[in-house]
Amino acid sequence: MRKKTRTRTKALAQKLLVCAVAVTLAITPLAFGQSSSGPRPDDRVVRERVDALLKQMTLEEKIGQLSQLFDFGEVKKIDEAVVGGHVGSLLFVTDPAEINRFQHVAVDKTRVHIPLIFGYDVIHGFRTIFPVPIAMAASWDPATVTTAQSIAAKEARAVGIGWAFAPMLDIARDPPLGAHCGRGGPKIPISARPSPRRKFADSRVTTLARPIIFWRA
C-alpha cells in the first residue's frame with residue numbers, strides 16, 4: 001500500500017513539475033515584456049524543451065520549480081533563493097521594473113535559465129477595477145464579464161504577470177462571510193464559464209480556478 005502511495009505521489013509530482021516548467025517556457029517570450037501578439041509556441045516543441053531540461057535538472061532544482069515565495073520586500077533573500085534554484089514562482093510583485101529585474105536574475109544567473117512565473121489575485125480587474133464577481137454575476141451579462149476579464153488579463157500581462165488566481169469557484173451560502181464577494185453566486189458563477197477564462201488565455205495568462213470551501217465554527 002505504501003509503495004503504491006509513493007508511486008502515485010511521485011507521478012503527481014512529476015506531472016506538476018512538467019506543467020510548471022511547460023507554462024514557464026510557454027511564456028518565455030513575454031518574460032521581458034515582449035508583445036503577446038506573436039505566434040504561440042508549438043506544444044510539441046515546448047514539451048521537447050521541457051523533457052530536455054528535466055533530464056539536466058537536479059532533484060533540488062526540480063523541487064525549487066514547485067516552490068513559491070511571497071514578495072514582502074525581502075529582496076536579498078528572494079534573489080538568493082532564485083539564484084540557488086530554490087523558487088519557481090513569486091507572488092504579489094506588480095512593478096514591471098522589478099519583475100524584469102527578477103527575470104534577469106532567474107535567466108542570467110541560474111544554471112538552467114528557467115524564467116520565473118509571477119502570480120497575482122486578478123479577480124475583478126488589475127489596474128482598472130471592475131465590480132466584484134458577485135456583482136458582475138448579478139448583471140446576468142456574460143459578455144460584460146468577458147470584456148472585463150479581457151481588460152484585466154491584458155493589464156496584468158503588460159506588467160509581466162502570467163498567472164491569475166481566478167475565478168473563485170467556492171459555493172458559499174453563509175452571508176456573514178466577507179469572501180462572498182469573490183465568487184459569483186450560490187451556483188457555478190458566470191465568471192467561471194469558458195469565455196471569460198479564455199480571455200486570460202488569449203493574453204497568455206494562466207488561470208487557476210480557486211475552489212474554496214467555507215464553514216462556520
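Values below: every heavy atom of this structure, side chains too, minus hydrogens, waters and symmetry copies. One-based numbering along the sequence shown.
Using modelled atom types, one side-chain atom of T147 and one backbone atom of A143 make a donor-acceptor pair closer than 3.5 Å. No side-chain donor-acceptor contact under 3.5 Å links E60 to the backbone of H86. In this structure a side-chain-to-backbone donor-acceptor pair under 3.5 Å is present from E155 to T128. Between the side chain of R111 and the backbone N or O of Q56, at least one donor-acceptor pair lies under 3.5 Å.
To the nearest 0.5 Å, the span separating CD1 on I151 from CD1 on I129 amounts to 11.5 Å. E61 contributes atom CD, which lies 7.5 Å from atom CD1 of I114 (distance to the nearest 0.5 angstrom). Rounded to the nearest 0.5 angstrom, Q149 CD and I123 CD1 are separated by 10.0 Å.
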Show the numbers, then the answer: is there a side chain to side chain contact (heavy atoms under 4.5 Å, CB included) between F92 and D121? CA-CA 8 Å; F92 308 136; D121 284 326; 4.3 Å; yes

Test salt bridge (Lys or Arg N to Asp or Glu O under 4.0 Å) on R47 and D51; report intermediate values, then the result. CA-CA 6 Å; R47 183 56 193 247; D51 290 341; 3.1 Å; yes

If you apply the rule salt bridge (Lys or Arg N to Asp or Glu O under 4.0 Å), what do you find for R101 with E98, and how did you get there? CA-CA 5 Å; R101 191 190 69 78; E98 189 66 0; 3.2 Å; yes

How far apart are the C-alpha atoms of F130 and T144, what are their side-chain angles, what is the distance that settles it, and do they pass the side chain to side chain contact (heavy atoms under 4.5 Å, CB included) test? CA-CA 10 Å; F130 296 96; T144 297; over 6 Å; no

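Closest non-hydrogen pair, V82 versus V87, comes out as CG2-CG1, 3.5 Å. Closest non-hydrogen pair, M136 versus A148, comes out as CE-CB, 3.5 Å. Heavy atoms only, all atoms of each residue included: L53 and V112 are closest at CD2-O, 3.9 Å. In terms of heavy atoms, P115 sits closest to A106 at CA-CB, 4.4 Å. The two residues H113 and V107 come nearest to each other via the heavy atoms ND1-O, 2.7 Å. Across every non-hydrogen atom of Y120 and T94, the tightest pair is CE1-CG2, 3.5 Å.
Applying side chain to side chain contact (heavy atoms under 4.5 Å, CB included) to L69 and the options L91, L90, V93, L116 leaves one that passes, L90. Screening D43, V50, D42 for a side chain to side chain contact (heavy atoms under 4.5 Å, CB included) involving V46 leaves a single residue, V50.
Using cut-offs of 30° and 60° on the angle between ring planes, the pair F102 and F118 is tilted.
Side-chain contact between R127 and V159 is present, with heavy atoms from C-beta onward closer than 4.5 Å.
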